[in-house]
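The structure appears right after this line, and notes come after that.
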Amino acid sequence: MRRNLVLAFLVFSYALATNAQLNDYKYIIVPKRFDVFRTANEYQTSVLIKHLFANEGFTVVYDDAIPEDGIRDRCLGLTVGINDESALFVTRFTLSLNDCEGNTVFNSVQGKSKEKEYKKAYRETITEAFESYKGLNYAYQPKEANETKEKEETKEEKPLTISFKNDVKSLQVDNNKPEKTPIKTDLRPNTENLTETFKAQPIENGFQLVDESSTVKLRMVKTTIDNVYLVNDSEINGMIYLKDGKWYLESTTSGNKQVKELDIKF
């Protein structure tokens with residue numbers, strides 16, 4: 001029950017890291033038959049995944065019904081993949097989004113089920129894994145428009161607030177490479193004044209942060225990226241990440257991003 005409650009509050013939290021990336025793609029392509037199954041739409045998995053993505057505002061198509069522009073340019077779409085990590089008596093896997101070159105752009109948290117009936121097990125596992133895709137506020141933005149906008153902002157020397165555009169790929173390749181996205185110059189002074197101290201206590205799939213009075217304030221859920229955690233809370237949805245030896249909480253409230261430095265004792 002606690003695991004379900006934790007996952008129920010995940011609202012892209014991961015979106016802070018990948019929302020801009022997913023906006024580059026026009027279509028989510030769902031295979032009629034996934035590699036892990038023998039027949040098309042086995043256990044109604046393809047229908048369920050298409051339905052879940054459509055509910056989150058994505059334009060979803062099956063792999064045999066891709067629109068003409070998507071056929072001309074397959075890089076307009078991301079293909080859903082099921083990464084099976086099941087074991088004896090336990091069904092578990094992640095849902096990934098892969099680009100036209102086979103690179104994974106986004107990978108969900110792991111869903112799992114101990115149901116013995118296959119249809120129920122796959123439905124429960126898919127639904128749990130899909131929590132990572134909720135609350136992303138997806139809106140397709142052609143790459144050409146994004147590049148033009150970035151050039152104009154650079155020319156006018158406008159400061160940019162910190163974002164996670166392309167950070168997922170850079171973190172996976174080399175954590176030591178300089179960031180591509182400039183950080184607003186007044187960020188550190190602001191976060192320094194907002195530093196909060198917490199003690200990290202291990203929980204399933206991550207940690208819970210408690211204050212000096214031992215009150216649980218936040219819960220950090222592991223992602224597929226080292227030192228990047230999803231945050232779930234009844235009032236805060238965001239991400240905690242390690243940068244330059246310090247921990248930061250980045251969250252969105254009423255469309256406005258906020259960054260706080262956290263002093264976490266592990």
Side-chain angles (χ1 to χ4, degrees), residues 1-15 17-18 22 28-65 78-98 102 104-136 138 168 201-208 216 218-226 228-234 237 239:
M1 176 62 71
R2 183 176 64 180
R3 175 183 175 83
N4 291 336
L5 289 175
V6 167
L7 291 173
F9 285 113
L10 297 179
V11 178
F12 177 117
S13 308
Y14 221 167
T18 59
L22 297 185
I28 298 297
I29 302 170
V30 177
K32 281 286 188 69
R33 185 185 71 81
F34 288 93
D35 292 340
V36 296
F37 301 125
R38 292 175 295 179
T39 61
N41 194 35
E42 193 166 3
Y43 308 115
Q44 297 185 340
T45 49
S46 296
V47 169
L48 175 59
I49 290 173
K50 185 175 186 290
H51 171 73
L52 291 172
F53 273 106
N55 278 353
E56 290 301 314
F58 292 91
T59 300
V60 195
V61 297
Y62 288 121
D63 56 356
D64 62 353
L78 292 172
T79 301
V80 181
I82 291 180
N83 309 303
D84 193 1
E85 300 167 357
S86 300
L88 189 64
F89 305 125
V90 180
T91 301
R92 59 188 176 207
F93 50 68
T94 60
L95 295 176
S96 62
L97 291 179
N98 308 303
T104 298
V105 174
F106 188 100
N107 197 29
S108 74
V109 296
Q110 186 184 81
K112 70 178 182 179
S113 173
K114 294 184 179 180
E115 286 284 347
K116 295 181 179 179
E117 184 182 339
Y118 285 123
K119 185 175 180 180
K120 289 183 179 179
Y122 285 121
R123 173 172 290 273
E124 184 175 305
T125 305
I126 288 172
T127 302
E128 187 171 292
F130 191 82
E131 289 294 332
S132 296
Y133 292 94
K134 289 188 176 181
L136 295 180
Y138 164 81
V168 171
Q201 298 177 340
I203 58 174
E204 185 177 11
N205 275 344
F207 299 90
Q208 64 181 15
V216 177
L218 297 172
R219 289 184 174 84
M220 303 164 53
V221 179
K222 293 179 181 178
T223 69
T224 56
I225 303 173
D226 290 340
V228 177
Y229 295 83
L230 303 181
V231 175
N232 74 88
D233 183 82
S234 59
N237 291 301
M239 169 176 288

Any side-chain heavy atom of [X] within less than 4.5 Å of one from [Y]?
| X | Y | value |
| --- | --- | --- |
| I82 | L95 | yes |
| V80 | I29 | no |
| I126 | F93 | yes |

At their closest point, which heavy atom of [X] faces which heavy atom of [Y], and how far apart are they?
| X | Y | answer |
| --- | --- | --- |
| T45 | N41 | N-OD1, 3.5 Å |
| A129 | S108 | O-CB, 3.2 Å |
| K112 | E204 | NZ-OE2, 3.6 Å |

For K222, all residues meeting salt bridge (Lys or Arg N to Asp or Glu O under 4.0 Å), sequence neighbours excluded: none
Approximate separation, where rounding is to 0.5 Å, of [X] [atom1] and [Y] [atom2]:
| X | Y | atom1 | atom2 | answer |
| --- | --- | --- | --- | --- |
| F106 | L136 | CZ | CG | 5.5 Å |
| N55 | K134 | CG | NZ | 8.5 Å |
| E56 | H51 | CD | NE2 | 10.0 Å |
| R123 | I49 | CZ | CD1 | 11.0 Å |
| Q201 | Q208 | CD | CD | 5.0 Å |
| T91 | D84 | OG1 | CG | 8.0 Å |

Measure from the side-chain N and O atoms of S96 to the backbone N and O of N98, and report whether any donor-acceptor pair falls under 3.5 Å. no
Judged by atom type as modelled, is there a donor-acceptor pair below 3.5 Å linking the side chain of N205 to the main-chain atoms of V221? no
Which atom pairs, one a donor and one an acceptor, fall under 3.5 Å between side chains of residues 30-39 and the rest of the protein, sequence neighbours left out?
residue, atom, partner, partner atom, Å
K32, NZ, D64, OD1, 3.4
K32, NZ, D64, OD2, 2.9
R33, NH1, F37, O, 2.6

Short side-chain donor-acceptor distance under 3.5 Å, N83 and T94: yes
Between L48 and Y122, is the side chain to side chain contact (heavy atoms under 4.5 Å, CB included) condition met? List the steps. CA-CA 10 Å; L48 175 59; Y122 285 121; over 6 Å; no
Among F130, Y62, Y138, whose ring pair (Phe, Tyr, Trp, His ring centres under 6.0 Å) with F53 holds? F130
Determine, stepwise, if the pair M239 / L230 fulfils side chain to side chain contact (heavy atoms under 4.5 Å, CB included). CA-CA 5 Å; M239 169 176 288; L230 303 181; 4.2 Å; yes
With side chain to side chain contact (heavy atoms under 4.5 Å, CB included) as the test, would you mind laying out the steps for T79 and D63 before giving the verdict? CA-CA 8 Å; T79 301; D63 56 356; over 6 Å; no
